[in-house]
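When reading the values below, keep in mind they use all heavy atoms of this one structure, side chains included, and skip hydrogens, waters and symmetry mates. Please read all numbers here as calculations on a predicted model, not as lab measurements. Sequence positions, counted from 1, serve as the residue numbers for this chain.
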Amino acid sequence: MVAAGLLAKAAAEKGLKVQPHVKTSLAPGSNVVTEYLTDANLLKSLESLGFGVVGYGCTTCIGNSGDIEPEVSDAVQAKDLVVCSVLSGNRNFEGRVHPLTRGNYLASPPLVVAYALAGRVGIDFEKEPIGTATDGSPVFLRDIWPDNQLIKQTVAKVNTPAKYRATYL
């Protein structure tokens, strides 16, 4: 989750946005995740891309994160489109996130953010830009992907046993 937040922060700093046809939500497994994302100043970056907390646990996975935009729903039904979801859950099947999603893919949290930014699942992240920066330059996934050291440092700083003890004991 920290890696997703760091990726979102780098994307927001370059001016990337999630396209309107993409439905986003954030449903961490624990409210401690919200706390450590907030402490790391990453939750605001996720929220700026549409990944606001909608609940906890299986909220998104069972379709409780809210409906998709009516224009999108109408287009999917009128054109019999196969639309996809990309989630970081533990199971996928047709209609799991929403009755209209027929293709569902599991990915790590930062890849969920990356696919949302790309706006499609058929992207080749090595060869195609994920979006365009505010200065007009192409932005590739490699340009915003956080390095392992930054992830480790951030996790060590904000994800502490004390947070879990304070919440669950």
Worksheet item: Does the pair Y164 and S30 meet the rule for a side chain to side chain donor-acceptor pair (under 3.5 Å), with working shown?
Response: CA-CA 9 Å; Y164 293 90; S30 164; 5.7 Å; no

Report yes or no: does [X] contribute a side-chain atom to a donor-acceptor pair with the main-chain N or O of [Y] at less than 3.5 Å?
X    : Y    : value
S73  : P70  : no
T24  : G50  : yes
H21  : G119 : yes
K163 : E35  : no

Worksheet item: Are D39 and K157 within salt-bridge range, i.e. N to O under 4.0 Å?
Response: no

Item to complete: With sequence neighbours excluded, give me every salt bridge (Lys or Arg N to Asp or Glu O under 4.0 Å) pair touching residues 79-88.
Response: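 Qualifying pairs, neighbours excluded: D80-R102.
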
Which heavy atom in [X] sits nearest to a heavy atom in [Y], and how many Å separate them?
X    : Y    : value
L43  : T38  : CD2-OG1, 3.4 Å
A114 : L7   : N-CD2, 4.2 Å
A4   : L46  : O-CD2, 3.8 Å
L150 : T154 : O-OG1, 2.8 Å
S88  : V112 : N-CG2, 3.8 Å
S25  : F51  : O-CD2, 3.3 Å

For a quick test of your reading: what N or O donor-acceptor pairs under 3.5 Å do the side chains of residues 136-145 make, sequence neighbours left out?
residue, atom, partner, partner atom, Å
S137, OG, D135, OD1, 2.6
R142, NH1, E126, O, 3.1
D143, OD2, F140, N, 2.8

When rounded to the nearest 0.5 angstrom, what is the spacing between [atom1] in [X] and [atom2] in [Y]?
X    : Y    : atom1 : atom2 : answer
L87  : Y105 : CG    : OH    : 12.0 Å
N148 : K152 : CG    : NZ    : 6.0 Å
K9   : S48  : NZ    : OG    : 11.5 Å
L100 : Q77  : CG    : CD    : 5.0 Å
L6   : L42  : CG    : CG    : 5.0 Å
L37  : K44  : CG    : NZ    : 13.0 Å

Just wondering, do [Y] and [X] contact through their side chains at under 4.5 Å, heavy atoms?
X    : Y    : value
L16  : T132 : no
V54  : L26  : no
L111 : V86  : no
V33  : N159 : no

Item to complete: Not counting sequence neighbours, which residues clear ring-ring contact (aromatic ring centres under 6.0 Å, His included) with Y36? List them please.
Response: none

Practice prompt. Assess whether side-chain contact (heavy atoms from CB on, under 4.5 Å) is satisfied between D74 and E71, documenting all intermediate values.
Written response: CA-CA 5 Å; D74 292 346; E71 310 83 55; 5.8 Å; no

Discussion item. Does I68 form a side-chain contact (heavy atoms from CB on, under 4.5 Å) with H98? I'd like the steps, not just the answer.
Written reply: CA-CA 8 Å; I68 57 176; H98 189 278; 3.9 Å; yes

Practice prompt. Spell out, yes or no, whether Y115 and V82 are grouped together once hydrophobic residues are joined by side-chain heavy atoms under 4.5 Å, including indirect joins.
Written response: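 Unlinked, Y115 and V82 end up in two clusters.
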
Practice prompt. May I ask you to check whether T101 and N104 show a side-chain donor-acceptor distance below 3.5 Å?
Written response: yes

